[in-house]
There are 2 protein chains.
Amino acid sequence: MRADELANVRGLQLFRDMDDARFADLMRAAYLQTFPPHVQLIQEGDRADFLFIVTEGCVELFAAWNGHEITMMMVEPGGTFILAAVLKDAVHLMSARTAVKSRILMIPAEAVRGAFERDDAFSRSIVLELADCYRGMVKAQKDLKLRSGVERLAARLLRYDREHGGTGTFSLPHDKRTLAALLGMTPENLSRAFATLRPYGVEADGPNVVLSSVADLQRLAKPNPLIDDKAV
Amino acid sequence: MRADELANVRGLQLFRDMDDARFADLMRAAYLQTFPPHVQLIQEGDRADFLFIVTEGCVELFAAWNGHEITMMMVEPGGTFILAAVLKDAVHLMSARTAVKSRILMIPAEAVRGAFERDDAFSRSIVLELADCYRGMVKAQKDLKLRSGVERLAARLLRYDREHGGTGTFSLPHDKRTLAALLGMTPENLSRAFATLRPYGVEADGPNVVLSSVADLQRLAKPNPLIDDKAV
DNA sequence: CGCGAGCTTGAGCCCCATCAACGGGAGTGG
DNA sequence: CCACTCCCGTTGATGGGGCTCAAGCTCGCG
């Protein structure tokens with residue numbers, strides 16, 4: 001692992017407060033690897049052998065049943081996945097694949113559980129990370145059950161804008177096909193949803209979006225920190 | 001707190017491995033209280049002051065937005081709620097109300113966090129409990145997005161049957177109105193779903209259900225441990 | 001006996017999925 | 001440089017699942 005990458009990993013919330021020696025132990029056991037786009041990393045039902053941490057790129061968590069497939073979430077740099085399964089020594093409930101070329105840190109599950117037992121700061125960080133994952137899932141559930149497709153898109157666009165500094169201009173972080181899956185709709189419907197939002201000042205040109213009337217959009221989307229804010 | 005109740009709480013997975021003195025400290029700070037049906041215990045957006053543990057009865061977690069209300073889950077005896085918010089010292093993402101008369105243990109959030117810091121066995125149990133909550137939410141999400149209403153009902157009936165010993169005869173744990181909300185549908189639609197399942201050997205008479213053709217029902221519901229099994 | 005709550009049934013509608021066709025941009029090979 | 005192809009995104013037509021509104025039904029209870 002390169003020194004700057006190591007420093008990067010060390011700076012993640014999960015490892016920040018960890019004992020130096022323990023962190024070195026963990027990293028010695030870990031693999032940092034680059035994957036091309038659309039490589040499946042894990043398969044639901046398989047045993048959780050590694051904790052995964054995305055350092056570059058983007059990973060899609062998805063699940064399938066009876067022939068359908070759904071996107072559960074996208075994991076961005078700094079994010080972990082499969083933490084709960086690793087801690088429980090259980091099977092994966094979700095599959096994962098790279099959305100784009102990605103650099104991923106893989107820590108053997110056994111090592112994670114060992115560090116969890118021995119390092120108090122690490123176990124605290126793990127709990128906070130797991131609590132964040134849980135709350136993220138609750139918010140996703142609320143978003144899905146309480147809002148219509150158009151409302152979900154509107155709220156998502158406002159969130160992207162906010163995360164980009166609130167300038168009203170930004171690029172979508174995923175292609176529209178992926179965004180549709182993430183929002184729980186078909187690509188066709190996402191397209192129609194964008195069209196529906198045009199009167200609300202949403203101008204989409206390929207991946208580039210301009211929100212020219214944020215207030216109108218907010219009146220429609222009714223954003224709510226208990227659904228839309230990452231930090232809450 | 002009565003001695004048998006204390007023993008009951010002590011036996012919960014969360015406290016089983018805890019140090020005796022620490023457990024006594026926690027219980028000294030805690031309140032055990034009985035609530036009538038339909039009492040709201042917490043309101044989403046409020047600060048998490050207590051960890052709640054249901055010892056008798058049943059509690060509904062729900063959320064609201066823009067005038068609609070949805071049921072997130074039902075918490076049964078032995079179950080906890082609001083654990084993530086307590087650990088993060090954050091606001092509730094969900095509201096809670098008693099579904100029936102319920103006996104509930106309330107532990108001040110500060111005391112929970114203190115015990116978490118000081119008692120290794122407790123912090124391990126907390127993490128496992130939190131991991132279970134997370135995985136439960138993932139399964140709920142998969143159930144909702146991957147299956148139709150009829151399929152969700154069929155899978156749920158099979159699960160209730162299994163939990164009652166697989167005899168093919170059991171009583172619904174909630175009234176149908178509540179069951180409908182839990183399955184993410186309206187009461188009208190639940191009623192129609194039961195009618196749809198009649199050709200599959202589902203005989204529902206009030207709260208009493210008989211499954212006379214489990215194999216047929218399974219062919220329809222396609223139960224999957226990664227969605228339906230509590231233990232996985 | 002009358003009333004109300006919970007449940008069921010029916011009719012109409014809306015949201016969204018599906019299927020199909022089309023346009024345009026990127027990459028490829030001639 | 002152009003023709004070809006493939007893939008993504010869009011648009012239209014259609015259908016189904018589920019919601020809403022409304023009425024009827026049954027059972028328990030006063």
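Basis for what follows: all heavy atoms, side chains included, without hydrogens, waters or symmetry-related copies. Just so it is clear, the structure is predicted and the values come from calculations on it, not from any experiment.
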Every protein N/O lying under 3.5 Å from an N/O of nucleotides 21-28 of chain D:
{"from": "D/dC21", "atom 1": "N4", "to": "B/Glu188", "atom 2": "OE2", "distance (Å)": "3.2"}

### Message
It should be established whether B/Thr186 places a side-chain nitrogen or oxygen under 4.0 Å from OP1 or OP2 of nucleotide D/dC19.
### Response
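For D/dC19, OP1 or OP2 has a side-chain N or O of B/Thr186 closer than 4.0 Å.
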Can you list everything that forms a side chain to side chain contact (heavy atoms under 4.5 Å, CB included) with [X]? Sequence neighbours excluded, please.
| X | answer |
| --- | --- |
| B/Glu129 | B/Leu14, B/Thr80, B/Leu83, B/Cys133 |
| B/Asp89 | B/Arg47, B/Arg113 |
| B/Thr167 | B/Asp161, B/Thr169 |
| B/Ser212 | B/Glu203 |

### Message
Tell me if the CG atom of A/Asp205 is crowded by more than 12 foreign heavy atoms within 6.0 Å.
### Response
no
### Summary
By salt bridge (Lys or Arg N to Asp or Glu O under 4.0 Å), B/Glu69 pairs with (sequence neighbours left out) B/Arg97
### Task
Applying salt bridge (Lys or Arg N to Asp or Glu O under 4.0 Å), name anything that partners A/Lys142, two or more places apart in sequence or on another chain.
B/Glu44
### Message
Can you give me the first and the last nucleotide of DNA chain C (5' to 3') that has an atom within less than 4.0 angstrom of a non-hydrogen atom in chain B?
### Response
C/dC7 to C/dA11
### Message
To the nearest 10°, give me the bend of the helix from C/dC1-D/dG30 to C/dG30-D/dC1, comparing the axes of its five terminal pairs at either end.
### Response
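Taking five pairs per end, the axes differ by 20°.
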### Summary
So, with a heavy-atom separation below 4.0 Å from DNA chain C, the residues of residues 57-71 of chain B are none
### Query
Near DNA chain C, under 4.0 Å by heavy atom, which residues of residues 152-160 of chain B?
none
Under 3.5 Å, which donor-acceptor pairs do the side chains of residues 184-202 of chain A form with other protein atoms, sequence neighbours left out?
{"from": "A/Thr186", "atom 1": "OG1", "to": "A/Asn189", "atom 2": "N", "distance (Å)": "3.3"}
{"from": "A/Thr196", "atom 1": "OG1", "to": "A/Arg192", "atom 2": "O", "distance (Å)": "2.9"}

